[in-house]
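All figures in this text were calculated on a predicted structure; none of them were measured in a lab.
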Amino acid sequence: MINIVLCGGWGLRLWPLSRKLYPKQFYRFLEDKSLFEKTIIRNNKFCDKEIIVTNIKQYDLALNQINNMNIKNSHFILEPVGRNTTAAVTLGCLTLKPNDIVLVTPSDHLISDEKEYSNVLRKAEILASKGYIVTFGIKPDSPDTNYGYIEAKGNDVVSFKEKPDEETAIKYLAKGNYYWNSGMFMFKASIFLNELKTYAPDIYKFANKAFKNVKSYEPLKIRLEDMLQIPSISLDYSVMEKSDRLKVILSDIGWADLGSFEALYENLTHDKDSNCILSNEVILENSYNNLIISKDKGIVVIDVDNLIIVDTQDGLLISKKGSSYKVKEISHKL
(Lines give C-alpha, C1' and ligand atoms only; values in the text may rest on other atoms or scores of the structure.)
Protein backbone atom coordinates (compact mmCIF):
# COMPACT_ATOMS: atom_id res chain seq x y z
CA MET A 1 0.00 0.00 0.00
CA ILE A 2 1.22 3.48 -0.91
CA ASN A 3 0.14 6.57 1.04
CA ILE A 4 -0.35 9.71 -1.04
CA VAL A 5 -0.28 12.53 1.51
CA LEU A 6 -1.93 15.79 0.50
CA CYS A 7 -0.31 18.66 2.34
CA GLY A 8 -0.14 21.62 -0.01
CA GLY A 9 -2.93 23.67 1.57
CA TRP A 10 -2.44 26.46 4.06
CA GLY A 11 -5.51 26.40 6.31
CA LEU A 12 -6.88 29.88 5.73
CA ARG A 13 -9.67 29.40 8.29
CA LEU A 14 -6.98 29.16 10.98
CA TRP A 15 -5.47 32.59 10.24
CA PRO A 16 -3.46 34.15 11.88
CA LEU A 17 -1.99 30.90 13.21
CA SER A 18 -1.83 29.20 9.82
CA ARG A 19 0.06 30.95 7.02
CA LYS A 20 1.26 30.08 3.53
CA LEU A 21 4.81 29.57 4.78
CA TYR A 22 3.78 27.80 8.00
CA PRO A 23 0.37 26.14 7.47
CA LYS A 24 -1.66 24.34 10.10
CA GLN A 25 -0.58 20.79 9.20
CA PHE A 26 2.95 21.56 10.41
CA TYR A 27 1.91 23.34 13.61
CA ARG A 28 2.35 21.30 16.79
CA PHE A 29 -1.03 21.62 18.50
CA LEU A 30 -1.14 18.17 20.07
CA GLU A 31 1.37 16.16 22.14
CA ASP A 32 4.29 18.01 20.59
CA LYS A 33 3.53 16.47 17.19
CA SER A 34 2.10 18.18 14.14
CA LEU A 35 -0.92 16.84 12.29
CA PHE A 36 1.44 16.07 9.38
CA GLU A 37 3.70 14.02 11.67
CA LYS A 38 0.71 12.19 13.13
CA THR A 39 -0.53 11.37 9.62
CA ILE A 40 2.83 9.96 8.53
CA ILE A 41 3.32 7.92 11.71
CA ARG A 42 -0.23 6.56 11.60
CA ASN A 43 -0.10 5.40 7.99
CA ASN A 44 3.52 4.26 7.99
CA LYS A 45 2.35 1.22 9.98
CA PHE A 46 0.31 0.03 6.98
CA CYS A 47 2.07 1.53 3.97
CA ASP A 48 5.32 0.64 2.23
CA LYS A 49 6.09 4.24 1.35
CA GLU A 50 4.71 7.77 1.33
CA ILE A 51 4.36 10.13 -1.60
CA ILE A 52 4.05 13.59 -0.11
CA VAL A 53 2.51 16.17 -2.44
CA THR A 54 3.17 19.68 -1.21
CA ASN A 55 3.85 23.21 -2.30
CA ILE A 56 7.50 23.83 -3.09
CA LYS A 57 7.60 26.59 -0.46
CA GLN A 58 6.62 24.08 2.24
CA TYR A 59 9.17 21.46 1.24
CA ASP A 60 11.74 22.33 3.90
CA LEU A 61 9.10 22.21 6.65
CA ALA A 62 7.87 18.80 5.54
CA LEU A 63 11.36 17.41 4.99
CA ASN A 64 12.56 18.53 8.42
CA GLN A 65 9.63 16.85 10.13
CA ILE A 66 10.13 13.66 8.08
CA ASN A 67 13.83 13.60 9.04
CA ASN A 68 12.97 14.14 12.72
CA MET A 69 10.74 11.05 12.58
CA ASN A 70 13.48 8.98 10.93
CA ILE A 71 11.09 7.90 8.17
CA LYS A 72 13.14 6.29 5.39
CA ASN A 73 10.91 5.63 2.38
CA SER A 74 9.25 9.00 1.71
CA HIS A 75 9.19 10.69 -1.67
CA PHE A 76 8.15 14.24 -2.48
CA ILE A 77 6.24 15.78 -5.37
CA LEU A 78 6.67 19.55 -5.29
CA GLU A 79 4.01 21.74 -6.86
CA PRO A 80 5.02 25.29 -7.78
CA VAL A 81 1.36 26.28 -7.44
CA GLY A 82 -1.65 24.39 -6.10
CA ARG A 83 -4.15 22.97 -8.62
CA ASN A 84 -6.50 21.21 -6.19
CA THR A 85 -6.70 17.58 -5.12
CA THR A 86 -7.23 15.85 -8.48
CA ALA A 87 -3.95 17.16 -9.85
CA ALA A 88 -2.07 16.18 -6.70
CA VAL A 89 -3.45 12.62 -6.61
CA THR A 90 -2.94 12.16 -10.36
CA LEU A 91 0.71 13.18 -10.18
CA GLY A 92 1.20 10.76 -7.32
CA CYS A 93 -0.44 7.87 -9.19
CA LEU A 94 1.62 8.50 -12.31
CA THR A 95 4.73 7.54 -10.33
CA LEU A 96 3.29 4.13 -9.32
CA LYS A 97 2.76 0.68 -10.78
CA PRO A 98 -0.74 -0.09 -12.13
CA ASN A 99 -1.68 -2.56 -9.38
CA ASP A 100 -0.33 -0.54 -6.46
CA ILE A 101 -3.00 0.05 -3.81
CA VAL A 102 -3.14 3.76 -2.99
CA LEU A 103 -4.35 5.29 0.25
CA VAL A 104 -5.05 9.01 -0.21
CA THR A 105 -5.09 11.03 3.01
CA PRO A 106 -5.08 14.72 3.84
CA SER A 107 -2.31 15.72 6.23
CA ASP A 108 -4.44 17.79 8.63
CA HIS A 109 -6.91 15.26 10.03
CA LEU A 110 -7.00 13.82 13.54
CA ILE A 111 -7.81 10.12 14.06
CA SER A 112 -7.97 8.96 17.66
CA ASP A 113 -9.11 5.31 17.33
CA GLU A 114 -6.20 3.75 15.49
CA LYS A 115 -7.29 0.17 16.21
CA GLU A 116 -10.57 0.73 14.37
CA TYR A 117 -8.68 2.68 11.71
CA SER A 118 -6.61 -0.46 11.05
CA ASN A 119 -9.80 -2.53 10.69
CA VAL A 120 -11.31 0.01 8.30
CA LEU A 121 -8.19 0.07 6.10
CA ARG A 122 -8.20 -3.72 5.79
CA LYS A 123 -11.86 -3.70 4.70
CA ALA A 124 -11.11 -0.96 2.20
CA GLU A 125 -8.07 -2.83 0.86
CA ILE A 126 -10.23 -5.86 0.00
CA LEU A 127 -12.62 -3.69 -2.00
CA ALA A 128 -9.83 -1.71 -3.65
CA SER A 129 -8.09 -4.91 -4.77
CA LYS A 130 -11.34 -5.86 -6.57
CA GLY A 131 -11.24 -2.67 -8.61
CA TYR A 132 -13.41 -0.36 -6.53
CA ILE A 133 -12.68 3.21 -5.49
CA VAL A 134 -13.30 3.27 -1.76
CA THR A 135 -14.38 6.30 0.23
CA PHE A 136 -14.37 6.57 4.02
CA GLY A 137 -17.63 7.88 5.47
CA ILE A 138 -17.79 9.37 8.97
CA LYS A 139 -21.08 8.95 10.86
CA PRO A 140 -22.14 12.51 11.70
CA ASP A 141 -22.83 13.45 15.31
CA SER A 142 -24.25 16.89 14.42
CA PRO A 143 -25.82 18.61 11.40
CA ASP A 144 -22.51 20.18 10.44
CA THR A 145 -22.60 22.36 7.34
CA ASN A 146 -18.81 22.48 6.90
CA TYR A 147 -18.58 19.01 5.35
CA GLY A 148 -19.77 17.37 2.18
CA TYR A 149 -21.96 14.29 2.68
CA ILE A 150 -22.09 10.82 1.15
CA GLU A 151 -25.50 9.18 0.72
CA ALA A 152 -24.99 5.44 1.21
CA LYS A 153 -26.87 2.17 0.84
CA GLY A 154 -24.78 -0.38 2.66
CA ASN A 155 -21.34 -0.13 1.06
CA ASP A 156 -22.76 1.39 -2.12
CA VAL A 157 -22.47 5.11 -2.75
CA VAL A 158 -25.81 6.54 -3.86
CA SER A 159 -24.61 10.12 -4.30
CA PHE A 160 -22.25 12.83 -3.10
CA LYS A 161 -23.82 15.93 -1.59
CA GLU A 162 -22.21 19.35 -1.43
CA LYS A 163 -21.97 21.21 1.87
CA PRO A 164 -25.64 21.62 2.85
CA ASP A 165 -27.50 24.37 4.67
CA GLU A 166 -28.46 23.61 8.28
CA GLU A 167 -32.02 22.53 7.45
CA THR A 168 -30.78 20.01 4.89
CA ALA A 169 -28.04 18.75 7.22
CA ILE A 170 -30.65 18.08 9.92
CA LYS A 171 -32.60 15.97 7.41
CA TYR A 172 -29.45 14.04 6.51
CA LEU A 173 -28.78 13.32 10.16
CA ALA A 174 -32.34 12.07 10.72
CA LYS A 175 -32.20 9.67 7.77
CA GLY A 176 -29.15 7.89 9.18
CA ASN A 177 -27.58 6.84 5.86
CA TYR A 178 -25.69 10.07 5.20
CA TYR A 179 -22.04 10.26 6.22
CA TRP A 180 -19.51 13.04 6.31
CA ASN A 181 -17.08 12.87 3.41
CA SER A 182 -13.69 12.42 5.08
CA GLY A 183 -11.64 13.20 1.98
CA MET A 184 -9.79 9.88 2.30
CA PHE A 185 -9.83 7.34 -0.55
CA MET A 186 -8.34 3.98 -1.52
CA PHE A 187 -7.97 2.43 -4.99
CA LYS A 188 -5.59 0.78 -7.44
CA ALA A 189 -3.50 3.39 -9.22
CA SER A 190 -4.59 2.09 -12.64
CA ILE A 191 -8.29 2.15 -11.72
CA PHE A 192 -8.11 5.78 -10.68
CA LEU A 193 -6.17 6.83 -13.78
CA ASN A 194 -8.59 5.01 -16.07
CA GLU A 195 -11.56 6.71 -14.42
CA LEU A 196 -9.78 10.04 -14.74
CA LYS A 197 -9.25 9.46 -18.48
CA THR A 198 -12.99 8.85 -18.80
CA TYR A 199 -14.39 11.66 -16.66
CA ALA A 200 -11.66 14.33 -16.64
CA PRO A 201 -9.43 13.66 -19.67
CA ASP A 202 -7.94 17.16 -19.69
CA ILE A 203 -6.59 16.71 -16.19
CA TYR A 204 -5.01 13.40 -17.14
CA LYS A 205 -3.57 14.85 -20.35
CA PHE A 206 -1.91 17.87 -18.74
CA ALA A 207 -0.83 16.08 -15.55
CA ASN A 208 0.79 13.35 -17.64
CA LYS A 209 2.53 16.01 -19.73
CA ALA A 210 3.76 17.72 -16.55
CA PHE A 211 5.07 14.42 -15.21
CA LYS A 212 6.91 13.60 -18.44
CA ASN A 213 8.54 17.03 -18.45
CA VAL A 214 10.03 16.59 -14.98
CA LYS A 215 13.79 17.08 -14.86
CA SER A 216 14.38 16.57 -11.12
CA TYR A 217 13.15 13.40 -9.39
CA GLU A 218 14.33 13.46 -5.77
CA PRO A 219 12.31 15.49 -5.02
CA LEU A 220 10.11 15.41 -8.11
CA LYS A 221 9.64 19.04 -9.15
CA ILE A 222 6.82 20.05 -11.49
CA ARG A 223 7.50 22.98 -13.79
CA LEU A 224 5.33 26.05 -13.24
CA GLU A 225 4.24 26.34 -16.87
CA ASP A 226 3.11 22.69 -16.84
CA MET A 227 1.31 22.95 -13.52
CA LEU A 228 -0.68 25.97 -14.64
CA GLN A 229 -2.10 24.00 -17.57
CA ILE A 230 -3.73 21.40 -15.29
CA PRO A 231 -7.39 22.26 -14.54
CA SER A 232 -7.96 23.02 -10.85
CA ILE A 233 -10.77 20.67 -9.76
CA SER A 234 -11.33 18.72 -6.56
CA LEU A 235 -11.33 14.93 -6.56
CA ASP A 236 -15.03 14.88 -5.66
CA TYR A 237 -16.02 16.90 -8.72
CA SER A 238 -13.67 15.29 -11.23
CA VAL A 239 -14.15 11.58 -10.49
CA MET A 240 -16.03 10.68 -7.32
CA GLU A 241 -19.39 12.20 -8.27
CA LYS A 242 -19.29 10.47 -11.68
CA SER A 243 -17.69 7.06 -11.24
CA ASP A 244 -19.75 3.87 -10.96
CA ARG A 245 -16.92 2.07 -9.17
CA LEU A 246 -17.48 3.68 -5.78
CA LYS A 247 -17.86 1.97 -2.43
CA VAL A 248 -18.06 3.51 1.04
CA ILE A 249 -16.81 2.14 4.35
CA LEU A 250 -18.43 3.46 7.52
CA SER A 251 -15.46 4.65 9.56
CA ASP A 252 -16.00 5.14 13.29
CA ILE A 253 -12.37 6.08 13.85
CA GLY A 254 -12.49 9.15 16.09
CA TRP A 255 -12.06 11.39 13.05
CA ALA A 256 -11.83 15.16 13.16
CA ASP A 257 -10.94 17.68 10.49
CA LEU A 258 -9.15 20.46 12.35
CA GLY A 259 -10.15 22.98 9.72
CA SER A 260 -11.47 25.66 12.05
CA PHE A 261 -10.80 27.05 15.50
CA GLU A 262 -14.13 25.62 16.64
CA ALA A 263 -12.98 22.12 15.63
CA LEU A 264 -9.65 22.73 17.33
CA TYR A 265 -11.46 23.77 20.53
CA GLU A 266 -13.52 20.57 20.50
CA ASN A 267 -10.43 18.38 20.27
CA LEU A 268 -8.22 20.03 22.88
CA THR A 269 -8.37 19.76 26.66
CA HIS A 270 -10.38 22.29 28.68
CA ASP A 271 -10.14 23.67 32.20
CA LYS A 272 -12.94 23.50 34.78
CA ASP A 273 -14.67 26.46 33.12
CA SER A 274 -14.51 24.89 29.67
CA ASN A 275 -11.81 27.28 28.52
CA CYS A 276 -9.09 25.96 26.23
CA ILE A 277 -5.82 27.84 26.75
CA LEU A 278 -2.69 27.48 24.62
CA SER A 279 -0.57 30.06 26.40
CA ASN A 280 1.45 30.48 29.56
CA GLU A 281 0.24 34.01 30.27
CA VAL A 282 -3.55 34.17 30.40
CA ILE A 283 -5.63 35.40 33.33
CA LEU A 284 -9.36 34.68 33.19
CA GLU A 285 -12.02 36.22 35.39
CA ASN A 286 -15.62 34.99 35.19
CA SER A 287 -15.07 33.72 31.62
CA TYR A 288 -16.22 30.44 30.11
CA ASN A 289 -16.06 28.32 26.94
CA ASN A 290 -13.28 30.34 25.31
CA LEU A 291 -10.36 29.34 23.09
CA ILE A 292 -7.28 31.50 23.71
CA ILE A 293 -3.99 31.07 21.87
CA SER A 294 -0.99 33.30 22.41
CA LYS A 295 2.79 32.96 22.49
CA ASP A 296 4.28 36.32 23.32
CA LYS A 297 1.76 38.45 25.21
CA GLY A 298 -0.04 38.36 28.48
CA ILE A 299 -3.82 38.26 27.96
CA VAL A 300 -6.51 39.16 30.49
CA VAL A 301 -10.07 38.03 29.77
CA ILE A 302 -12.94 39.34 31.91
CA ASP A 303 -16.66 38.48 31.80
CA VAL A 304 -16.72 36.95 28.33
CA ASP A 305 -18.07 33.65 27.00
CA ASN A 306 -17.68 31.71 23.76
CA LEU A 307 -14.87 33.78 22.26
CA ILE A 308 -11.93 32.79 20.09
CA ILE A 309 -8.83 34.90 20.72
CA VAL A 310 -5.74 34.07 18.68
CA ASP A 311 -2.73 36.35 19.04
CA THR A 312 0.45 36.04 16.98
CA GLN A 313 3.39 38.35 16.38
CA ASP A 314 1.74 40.10 13.45
CA GLY A 315 -1.93 39.16 13.60
CA LEU A 316 -4.84 39.10 16.07
CA LEU A 317 -8.17 37.34 15.60
CA ILE A 318 -11.11 37.93 17.93
CA SER A 319 -14.30 36.11 17.00
CA LYS A 320 -17.43 34.63 18.46
CA LYS A 321 -17.29 30.86 18.45
CA GLY A 322 -19.18 29.70 15.40
CA SER A 323 -18.10 32.66 13.28
CA SER A 324 -14.36 32.24 12.87
CA TYR A 325 -14.80 30.52 9.48
CA LYS A 326 -15.68 33.94 8.06
CA VAL A 327 -12.00 34.86 8.11
CA LYS A 328 -11.73 32.85 4.88
CA GLU A 329 -14.41 35.01 3.30
CA ILE A 330 -12.41 38.17 3.93
CA SER A 331 -9.03 36.69 3.05
CA HIS A 332 -8.65 39.08 0.11
CA LYS A 333 -8.37 41.88 2.68
CA LEU A 334 -5.61 40.25 4.71
Would one find more than 12 heavy atoms of other residues, nucleotides or ligands at under 6.0 Å from atom [atom1] of [X]?
{"X": "Glu225", "atom1": "CD", "answer": "yes"}
{"X": "Lys221", "atom1": "NZ", "answer": "no"}
{"X": "Lys49", "atom1": "NZ", "answer": "yes"}
{"X": "Asn213", "atom1": "CG", "answer": "yes"}
{"X": "Lys242", "atom1": "NZ", "answer": "yes"}
{"X": "Tyr237", "atom1": "OH", "answer": "no"}
{"X": "Glu218", "atom1": "CD", "answer": "yes"}
{"X": "Glu285", "atom1": "CD", "answer": "no"}

If you look at every heavy atom in [X] and [Y], which pair is closest and at what distance?
{"X": "Ile309", "Y": "Leu316", "value": "CG2-CD1, 4.4 Å"}
{"X": "Lys24", "Y": "Gly259", "value": "NZ-CA, 3.2 Å"}
{"X": "Pro16", "Y": "Leu317", "value": "CD-CB, 3.6 Å"}
{"X": "Ala87", "Y": "Ile230", "value": "CB-CG2, 3.7 Å"}
{"X": "Cys276", "Y": "His270", "value": "CB-CD2, 3.6 Å"}

Is the Lys NZ or Arg CZ of Lys321 less than 6.0 Å from the centre of Tyr265's six-membered ring, within 45° of the axis?
-> yes
Report yes if the side chains of [X] and [Y] come closer than 4.5 Å at any heavy-atom pair, otherwise no.
{"X": "Ile191", "Y": "Tyr132", "value": "no"}
{"X": "Lys163", "Y": "Asn146", "value": "no"}
{"X": "Ile41", "Y": "Lys33", "value": "yes"}
{"X": "Arg13", "Y": "Lys326", "value": "no"}
{"X": "Tyr204", "Y": "Leu94", "value": "yes"}
{"X": "Val120", "Y": "Ile253", "value": "yes"}
{"X": "Trp15", "Y": "Lys328", "value": "no"}
{"X": "Leu91", "Y": "Val53", "value": "no"}

Gap separating the [atom1] atom of [X] from the [atom2] atom of [Y], nearest 0.5 angstrom:
{"X": "Ile292", "Y": "Ser279", "atom1": "CD1", "atom2": "OG", "answer": "8.0 Å"}
{"X": "Ser324", "Y": "Leu264", "atom1": "OG", "atom2": "CG", "answer": "9.5 Å"}
{"X": "Asp100", "Y": "Cys47", "atom1": "CG", "atom2": "SG", "answer": "11.0 Å"}
{"X": "Met186", "Y": "Phe136", "atom1": "CE", "atom2": "CZ", "answer": "4.0 Å"}
{"X": "Asp108", "Y": "Thr39", "atom1": "CG", "atom2": "OG1", "answer": "7.5 Å"}
{"X": "Gln58", "Y": "Ser107", "atom1": "CD", "atom2": "OG", "answer": "8.5 Å"}

So, [X] side chain and [Y] main chain: donor-acceptor pair closer than 3.5 Å or not?
{"X": "Asn55", "Y": "Lys57", "value": "yes"}
{"X": "Asn194", "Y": "Ser190", "value": "yes"}
{"X": "Asn267", "Y": "Ala263", "value": "yes"}
{"X": "Asn44", "Y": "Ile40", "value": "no"}
{"X": "Ser243", "Y": "Met240", "value": "no"}
{"X": "Asn290", "Y": "Val304", "value": "yes"}
{"X": "Ser251", "Y": "Ile249", "value": "yes"}
{"X": "Thr95", "Y": "Gly92", "value": "yes"}
{"X": "Asn3", "Y": "Leu103", "value": "yes"}

Output yes when [X] and [Y] qualify as a salt bridge under the 4.0 Å nitrogen-oxygen rule, no when they do not.
{"X": "Asp156", "Y": "Lys247", "answer": "yes"}
{"X": "Glu114", "Y": "Lys45", "answer": "yes"}
{"X": "Lys175", "Y": "Glu151", "answer": "no"}
{"X": "Asp314", "Y": "Arg19", "answer": "yes"}

Side-chain H-bond candidate by donor/acceptor type, [X] with [Y], under 3.5 Å:
{"X": "Asp236", "Y": "Asn181", "result": "yes"}
{"X": "Gln25", "Y": "Ser34", "result": "no"}
{"X": "Glu50", "Y": "Ser74", "result": "yes"}
{"X": "Asn289", "Y": "Asp305", "result": "no"}

Given side chain to side chain donor-acceptor pair (under 3.5 Å), test Asp303 with Asn286 step by step and report yes or no.
-> CA-CA 5 Å; Asp303 293 344; Asn286 193 35; 2.8 Å; yes
Could you please spell out the steps behind the side chain to side chain donor-acceptor pair (under 3.5 Å) verdict for Ser238 and Thr86?
-> CA-CA 7 Å; Ser238 63; Thr86 307; 2.8 Å; yes
Phe26, Tyr27, Tyr22 screened by ring-ring contact (aromatic ring centres under 6.0 Å, His included) with Phe36, the one that passes = Phe26
So among Tyr179, Phe160, Trp180, Tyr172, which one has a ring-ring contact (aromatic ring centres under 6.0 Å, His included) with Tyr147?
->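 So the option named by the test is Trp180.
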Are Tyr178 and Tyr149 near enough that their ring centres are under 6.0 Å apart?
->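 Judged by ring-centre distance (under 6.0 Å), Tyr178 and Tyr149 do not meet the cut-off.
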Could you tell me if the ring centre of His75 sits under 6.0 Å from that of Tyr217?
-> no
Evaluate the criterion side chain to side chain donor-acceptor pair (under 3.5 Å) for residue pair Asn43 and Tyr117; output intermediate values, then yes/no.
-> CA-CA 10 Å; Asn43 293 326; Tyr117 183 63; 2.6 Å; yes
Mind running salt bridge (charged side-chain N to carboxylate O under 4.0 Å, His left out) on Lys171 and Asp165 for me, showing each step along the way?
-> CA-CA 10 Å; Lys171 291 179 181 178; Asp165 57 29; over 6 Å; no
Ile302/Leu284 under side chain to side chain contact (heavy atoms under 4.5 Å, CB included): CA gap, chis, key distance, verdict | CA-CA 6 Å; Ile302 300 173; Leu284 296 107; over 6 Å; no
Using the salt bridge (charged side-chain N to carboxylate O under 4.0 Å, His left out) rule, take Arg245 and Glu195 through it: C-alpha gap first, then chi angles, then the decisive distance, then the call.
-> CA-CA 9 Å; Arg245 288 181 171 272; Glu195 293 295 275; 3.8 Å; yes
